[in-house]
Structure formats: C-alpha cells, structure tokens
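What follows is a single structure, written as structure tokens, with notes after it.
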Amino acid sequence: METFPKIISVDDHTVEPPHVWRERLPSRYRDEGPRVVRAPLKEMTFLGGKFAPVMGGPGDDGPIGDWWVYEDLHRPLTRLDTAVGYDRDEIRLEVITYERMRPGSYDVPQRLADMDVNHVQSALCFPTFPRFCGQTFTEAKDRELGLLCVRAYNDWMVEEWCGPEARGRLVPLTLVPLWDARLAAEEVRRNAARGVRAVAFSEIPPHLGLPSVHTDEWDPFLAACDETGTVIAMHIGSSSRMPSTSADAPPAVGSTITFANCCFSMVDWLMSGKFERFPNLRVMYAEGQIGWIPYILERADVVWEENRAWGGVADKVHRPPSELFAEHVYGCFFDDAFGLRNLDAIGVGNVLYETDYPHSDSTWPESRQVGEAQMGHLDPEVVDRIVRRNAIGLLGLTEDGLWAGAK
C-alpha cells in the first residue's frame with residue numbers, strides 16, 4: 001500500500017512489574033498479596049489446554065525463573081508471556097526472569113519505543129498474572145483481599161501504565177470482581193468516571209464456576225456497562241480453559257482452534273436476549289480472529305428463523321442474530337487473510353486490528369507489513385476503519401486515536 005494507517009491495537013498485553021500490589025495494597029496485606037520470588041522450576045507441562053507448573057524449593061535443581069506467589073498459587077513468568085524478539089524456533093515453554101524478558105513487556109517508555117518500531121500508535125493491554133479477566137482473584141479464598149487486588153490493579157493500570165508517561169498511547173482495560181455482579185458494576189462505574197471504556201470479562205463464565213449470560217445474575221454488571229458505554233472485552237482463554245481435543249493433545253492442537261471459545265461465546269450472547277435488554281451493550285473478542293464468523297451468523301439466523309419456537313429463544317430474541325451482531329459485536333484479528341477476503345459477510349464496522357505484543361503469536365515488528373499484505377485488495381477507507389476508526393469509536397478515543405483520560 002502507498003500508505004498504511006497508524007495501528008490502534010485492541011489486543012496487546014502487559015507483564016505487570018513486581019511492585020504493582022506491593023505498593024498499592026494496604027500495608028496489612030502487602031505480605032499476603034501477589035509478590036514475585038525467584039525460584040527453580042521443578043516441572044511444567046502444557047497438555048490438553050492445561051498449563052501445570054510446579055515451583056521448586058531452595059536448593060532444588062532446575063532452571064531459575066521469577067514466580068508470582070499469591071495464596072496457594074505459584075505462577076511462573078514464561079517465554080510465552082514475552083516472546084517477541086526471539087526466533088520462532090527459540091520460543092519454548094520455559095521459565096524466565098524479568099532480566100530475560102523484552103523490557104517493553106513491563107516498562108512504559110520501552111513499550112512506546114517498541115510500538116514505534118511496529119507502526120502502532122495506541123494499544124489496549126490485557127493482564128498477565130491476573131489472567132485475561134482477573135480469574136486469579138476470583139479463584140482466591142480471601143474475597144476481601146481479592147477485591148483490593150482488583151482495585152489495586154485497576155489503579156495501577158489507569159494511573160501508571162496508562163498514566164502521563166504513556167501520553168495517551170496506552171488505553172486502559174480494567175478488571176472486575178467476577179464473584180459479585182453488584183461489586184462489578186460499582187467497579188465499572190468507578191473506572192468509567194475516570195475515562196475507562198473497556199472491561200475484561202470471561203468468554204464462558206460457567207467454566208469458572210460462575211453463572212452463564214442466560215441468567216439474570218449479570219444484569220447489574222451489564223447495566224453498568226450499558227450506561228457508561230463500557231465495552232466488554234473477552235480474550236481467548238478468559239474462561240481458564242483453552243479448547244482441545246484430549247488430555248494428551250499437544251499445544252499445537254489448541255493453538256489451531258483457539259477461536260472455538262469465541263465462537264461458543266458469541267452464540268451464547270446472540271441467543272441470550274441481553275443485547276435487546278441492554279441496547280448500548282458492546283462486546284469484543286480479542287485474538288479470536290474473524291474467518292469463522294460468516295458461517296456462524298448464517299447458521300444462527302437459520303436456527304432463529306426455523307427453530308426458535310422450541311429453541312428457547314422466541315420470547316427474548318426478537319430479531320435475527322446477524323442483525324444483533326452488526327450492532328453489538330466486534331471480532332479482532334492479527335493474521336486472518338481468509339476473514340478479510342470475506343469481509344462483506346462480517347461487516348466492515350465489526351472488525352478490529354491487533355498485534356498481540358509481546359506473545360508468541362504476535363506479528364511484531366511486522367504488523368504493518370502483515371496488514372498491507374492481507375488488506376491490499378481493500379479500499380483505503382475500509383483499511384482505515386479496520387486499523388483505526390472502529391477502535392476509536394468503540395473505545396471513546398480522540399480523533400487522533402489517543403486515550404483522552406490521560407490528560
């Protein structure tokens with residue numbers, strides 16, 4: 001392309017620095033909250049979509065890594081958390097320390113520099129240690145401490161990661177206490193008051209032992225998002241269960257079908273009636289790609305048209321699911337040539353671009369080149385919408401593509 005718009009990535013990641021909870025929790029909780037220790041790895045597997053690391057003790061043999069410790073959880077930093085800059089064949093499932101990680105993973109000035117290299121203007125970042133929607137705190141035993149950890153993360157996200165040093169180029173994505181929809185609503189409103197327009201949520205809440213979107217349990221949270229214009233952002237794996245086929249399936253199987261959870265989740269939402277009850281509600285699927293969407297919409301419309309009488313949706317879904325999708329759902333991709341060739345069946349206004357920095361799937365530092373190669377057949381106005389304009393409208397950014405809350 002002669003010119004390619006500056007990218008607004010709606011799915012990047014931050015690796016939280018060790019001080020996040022140490023500095024922001026009340027003093028009585030600082031030794032109980034999330035903290036980083038350096039320890040050997042005893043064993044680690046990633047099979048059947050399940051990640052299972054075991055931390056060694058003092059004097060044990062094994063590679064040394066930095067581990068987040070919180071209650072009974074021991075979660076190591078791994079090369080998959082921050083893989084950019086490494087040759088693809090060197091990216092393995094291994095523990096690492098902060099010193100062995102690309103500084104842009106956790107340092108704001110270094111992140112901005114890496115964004116410049118990649119033709120990226122602004123980026124929305126999902127968490128690492130809390131996991132993609134804060135499951136870490138939802139699974140904790142001490143709910144009082146868990147709520148404080150959620151709020152501390154959000155304060156760090158807004159005030160530091162997306163603070164003045166970021167110059168509006170980092171866009172905040174906050175968490176909610178998933179175990180209580182009313183507390184979640186309060187947290188949405190607290191952050192919306194300081195300019196936040198995106199909140200992380202689980203793609204399939206029942207996988208976390210939580211109510212489904214077909215119940216009324218989430219209504220206080222959904223009402224808060226509806227009222228404040230806060231988009232619900234769901235990342236693959238935000239149900240703590242990556243799709244797989246068997247307990248011994250290698251990670252390559254799950255990596256190929258990562259979109260499956262997004263597919264299941266989107267059908268849940270389209271058949272839930274929530275988009276009609278909350279007309280301003282918007283949801284987005286990070287890292288889910290888009291090529292699968294046309295058939296699902298076609299099938300959902302057929303089911304709604306022909307089977308709604310016995311399908312349990314006649315009294316709550318009064319319009320074709322494809323129409324609801326067009327008004328409420330956004331698919332996100334970083335590498336999906338097939339989806340872009342079928343854009344008319346998805347909708348130009350329902351697609352967002354991402355770079356997935358610093359994960360192993362990331363197109364950094366060639367996100368522009370990938371975009372140019374896959375979008376070369378599209379009109380420049382369409383490319384601009386996908387790469388920038390849709391995200392600006394959805395996230396409430398300035399015309400220049402910056403987060404206004406940083407001012």
Taking 4.0 angstrom as the limit, do Arg111 and Glu165 come out as a salt bridge?
-> no

For the residue pair Trp156 and Tyr153, does the interplanar ring angle fall in the parallel (under 30°), tilted (30 to 60°) or perpendicular (over 60°) class?
-> tilted

May I ask you to decide if Val95's main-chain N or O and Arg100's side chain share a donor-acceptor pair within less than 3.5 Å?
-> yes

Heavy atoms of other groups near Asp315 CG, more than 12 under 6.0 Å | yes

Backbone N or O of Leu340 within a donor-acceptor pair of the Gln374 side chain at under 3.5 Å?
-> no

Could you tell me whether the side chain of Glu287 reaches within less than 4.5 Å of the side chain of Asp356, counting heavy atoms only?
-> yes

Arg75 NZ/CZ over Tyr70 ring centroid, <6.0 Å and within 45° of normal | no

What class does the angle between the rings of Phe126 and His13 fall in, given that below 30° is parallel, 30 to 60° is tilted and above 60° is perpendicular?
-> tilted

State, with a plain yes or no, whether a side-chain heavy atom of Val348 is found less than 4.5 Å away from one of Glu381.
-> no

Would one find more than 12 heavy atoms of other residues, nucleotides or ligands at under 6.0 Å from atom CD of Glu99?
-> yes

Carboxylate-amine/guanidinium contact Asp336 Arg341, below 4.0 Å = no

In terms of ring plane angle, is the pair Phe259 and Trp292 parallel, tilted or perpendicular, where the classes change at 30° and 60°?
-> parallel

Note, Asn154 side chain near Arg151 side chain (heavy atom, < 4.5 Å) | no

Side chains of Glu399 and Arg389: does their closest heavy-atom pair fall under 4.5 Å?
-> yes

Say whether, by atom type as modelled, one donor and one acceptor occur between the side chain of Glu227 and the main chain of Leu222 under 3.5 angstrom.
-> no

Lys/Arg-Asp/Glu bridge criterion (N-O < 4.0 Å) met for Glu187, Arg190 = yes

Would you indicate whether Asp87, at its atom CG, is surrounded by more than 12 heavy atoms from other residues, nucleotides or ligands within a distance under 6.0 Å?
-> yes

Output yes when a side-chain donor or acceptor of Ser265 lies under 3.5 Å from a complementary backbone atom of Glu203, and no otherwise.
-> yes

Side-chain contact test, heavy atoms from C-beta onward, threshold under 4.5 Å: evaluate it for Val188 versus Thr228 and give yes or no.
-> yes

Starting from the C-alpha separation in whole Å, work towards a yes-or-no answer on side chain to side chain contact (heavy atoms under 4.5 Å, CB included) for Trp179 and Leu147.
-> CA-CA 10 Å; Trp179 60 89; Leu147 179 59; 4.0 Å; yes

Given the rule in the ring pair (Phe, Tyr, Trp, His ring centres under 6.0 Å) test, do Tyr353 and Phe333 qualify, once you have shown the distances and angles that lead to the verdict?
-> CA-CA 5 Å; Tyr353 198 41; Phe333 77 100; 5.2 Å; yes

For ring pair (Phe, Tyr, Trp, His ring centres under 6.0 Å), just list the numbers for Tyr106 and Tyr98, CA-CA rounded to whole Å, side-chain angles, deciding distance to a tenth of an Å, and then say yes or no.
-> CA-CA 9 Å; Tyr106 58 86; Tyr98 279 91; 5.5 Å; yes

Check: Arg35 and Arg22 side chains under 4.5 Å, non-hydrogen atoms = yes

Charged N-O contact under 4.0 Å between Arg182 and Glu217 = no

Test item: Glu372 side-chain N/O and Phe4 main-chain N/O as donor-acceptor pair under 3.5 Å | no

Is a side-chain donor or acceptor of Ser238 paired with a backbone partner of Met234 at a separation under 3.5 angstrom?
-> no

Counting only N and O atoms by type, is there a donor-acceptor contact under 3.5 Å from the side chain of His74 to the main-chain atoms of Val69?
-> no

State whether the number of non-hydrogen atoms from other residues, nucleotides or ligands found under 6.0 Å of Lys316 atom NZ is greater than 12.
-> yes

Output field: ring centroids Trp21/Phe129 closer than 6.0 Å | yes

Arg194 and Glu159 ion-paired at < 4.0 Å = yes

Are Asp226 and Lys274 close enough for a salt bridge, meaning some N to O gap below 4.0 Å?
-> no

Salt bridge between Arg169 and Asp116, side-chain N to carboxylate O under 4.0 Å?
-> yes

